[in-house]
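Quick note: numbers below take in every heavy atom, side chains included, and nothing from hydrogens, waters or symmetry partners.
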Amino acid sequence: MAIRKTAGLWCGDDFDDLATYVRKHQAGGYPVQHVKDISCRHCQGTAFHVTVDDEEGCAQIICQSCRAETPIADSADHLDDAVLEECGCPCGGETFTVGVGYAMNTDNEVRWVSLGLHCLVDGTLGVYTDWKIDYAPTAHLLANA
């Protein structure tokens, strides 16, 4: 199915819909070339609680199956200074599937990271945070959840 607007919110049914939404977001005005479907490195679970800090530019996912905590992209470098806040959908849901979008520069280095979430209660889609990457090399970011 395709993303659709319901009661003023964008909704979708699966990862493809989330990836489409993240690509439309264009953090910093840059097109997203890659969207990675996130699963838990420990148990392969796909349902997460998510915490973010917009000021520090970082996010962490907490697997609902095994409770493993995993920082997104380069977030581990910023967690000590972060004040993480739990993400919540307007419907009240707090469990999501996660897609991480990467906008690349002309040297094929990551320029921006966008954290897209798909609510498992009502299907609402959102980009809950994004941050600029201002260093290179960045290939390791594509491998980090």
Side-chain angles (χ1 to χ4, degrees), residues 1-41 44-64 68-145:
M1 194 148 197
I3 64 173
R4 62 205 173 276
K5 208 164 197 181
T6 305
L9 299 171
W10 287 101
C11 295
D13 299 310
D14 55 25
F15 175 74
D16 290 337
D17 293 344
L18 178 59
T20 297
Y21 184 83
V22 171
R23 283 187 179 94
K24 288 179 180 280
H25 175 72
Q26 293 196 11
Y30 299 103
V32 170
Q33 285 88 1
H34 308 286
V35 182
K36 182 178 178 185
D37 189 6
I38 302 300
S39 61
C40 178
R41 293 178 187 161
Q44 305 312 306
T46 58
F48 301 96
H49 279 268
V50 181
T51 57
V52 301
D53 182 333
D54 285 330
E55 295 298 317
E56 289 297 322
C58 63
Q60 183 167 255
I61 56 174
I62 301 103
C63 179
Q64 292 307 283
E69 297 180 3
T70 305
I72 299 295
D74 66 347
S75 293
D77 299 338
H78 306 283
L79 288 177
D80 287 343
D81 297 323
V83 178
L84 295 171
E85 296 181 21
E86 189 163 355
C87 295
C89 178
C91 78
E94 295 179 342
T95 306
F96 303 91
T97 57
V98 177
V100 179
Y102 300 93
M104 311 300 283
N105 66 24
T106 56
D107 294 331
N108 209 30
E109 298 288 346
V110 177
R111 176 180 280 171
W112 281 86
V113 175
S114 300
L115 182 72
L117 304 181
H118 172 247
C119 178
L120 292 175
V121 174
D122 70 352
T124 295
L125 304 169
V127 171
Y128 280 68
T129 192
D130 53 49
W131 61 92
K132 184 177 182 178
I133 304 296
D134 58 2
Y135 59 85
T138 60
H140 69 284
L141 298 179
L142 296 171
N144 292 346

Worksheet item: Taking the side chain as C-beta and beyond, is there a heavy-atom pair between Val52 and Trp131 under 4.5 Å?
Response: no
Item to complete: Using the side chain to side chain contact (heavy atoms under 4.5 Å, CB included) rule, take Val50 and Tyr128 through it: C-alpha gap first, then chi angles, then the decisive distance, then the call.
Response: CA-CA 9 Å; Val50 181; Tyr128 280 68; over 6 Å; no
Discussion item. Tell me the closest heavy-atom pair linking Leu142 and Lys36, and the distance in Å.
Written reply: O-NZ, 3.4 Å
Worksheet item: Is a side-chain donor or acceptor of Tyr102 paired with a backbone partner of Leu141 at a separation under 3.5 angstrom?
Response: yes
Worksheet item: Can you check whether Val83's main-chain N or O pairs, donor with acceptor, with Asp53's side chain at less than 3.5 Å?
Response: yes
Worksheet item: Looking at SG of Cys89 and CG of Leu125, how far apart are the two atoms once the value is rounded to the nearest 0.5 Å?
Response: 9.5 Å
Worksheet entry | Heavy-atom pair of closest approach, residues Gly116 and Val22 | CA-CG2, 3.7 Å
Worksheet item: Could you give the distance from CG (Asn105) to CD1 (Ile133), rounded to the nearest 0.5 Å?
Response: 11.0 Å
Item to complete: Would you list the pairs meeting side-chain hydrogen bond (donor to acceptor under 3.5 Å, both in side chains) in which at least one residue belongs to residues 109-126, sequence neighbours left out?
Response: Thr97-His118, Glu109-Thr138, Asp122-Thr124
Practice prompt. Please check if atom CD in Gln33 has more than 12 non-hydrogen atoms from other residues, nucleotides or ligands closer than 6.0 Å.
Written response: yes
Discussion item. For Asp54, is there any backbone N or O sitting under 3.5 Å from a side-chain donor or acceptor partner on Glu56?
Written reply: no
Practice prompt. Give a yes or no on whether the backbone of Asp77 and the side-chain of Asp74 come within a donor-acceptor separation of less than 3.5 Å.
Written response: no
Practice prompt. Evaluate the side-chain proximity of Cys58 to Leu79: yes if any heavy-atom separation is below 4.5 Å, no if none is.
Written response: yes
Practice prompt. Please name the pair of heavy atoms, one in Asp37 and one in Val98, separated by the smallest distance, quoted to 0.1 Å.
Written response: OD1-O, 3.8 Å
Worksheet item: Could you give all pairs that pass the side-chain hydrogen bond (donor to acceptor under 3.5 Å, both in side chains) test and reach residues 18-31, with sequence neighbours left out?
Response: His25-Asp130
Worksheet entry | Ala59 backbone acceptor or donor facing Ser75 side chain under 3.5 Å | yes
Worksheet item: Only one of Leu120, Thr46, Val121, Leu117 forms a side-chain contact (heavy atoms from CB on, under 4.5 Å) with Phe96, so which one is it?
Response: Leu117
Worksheet, complete the sentence: Closest non-hydrogen contact found for Gly93 with Cys119 is CA-SG, 4.3 Å
Fill in: Residue pair Ile61, His49: steps toward the side chain to side chain contact (heavy atoms under 4.5 Å, CB included) verdict
CA-CA 6 Å; Ile61 56 174; His49 279 268; over 6 Å; no
Response to the item:
The reported gap from NE2 in His78 to CD in Glu55 (rounded to nearest 0.5 angstrom) is 13.0 Å
Item to complete: Taking side chain to side chain contact (heavy atoms under 4.5 Å, CB included) as the test, write out the residues that go with Gln44, two or more places apart.
Response: Ser39
Worksheet entry | Heavy-atom pair of closest approach, residues Phe15 and Gly99 | CE1-CA, 4.1 Å
Worksheet item: Looking only at heavy atoms, what is the nearest atom pair of Val32 and Gly101, with distance?
Response: CG1-CA, 3.8 Å
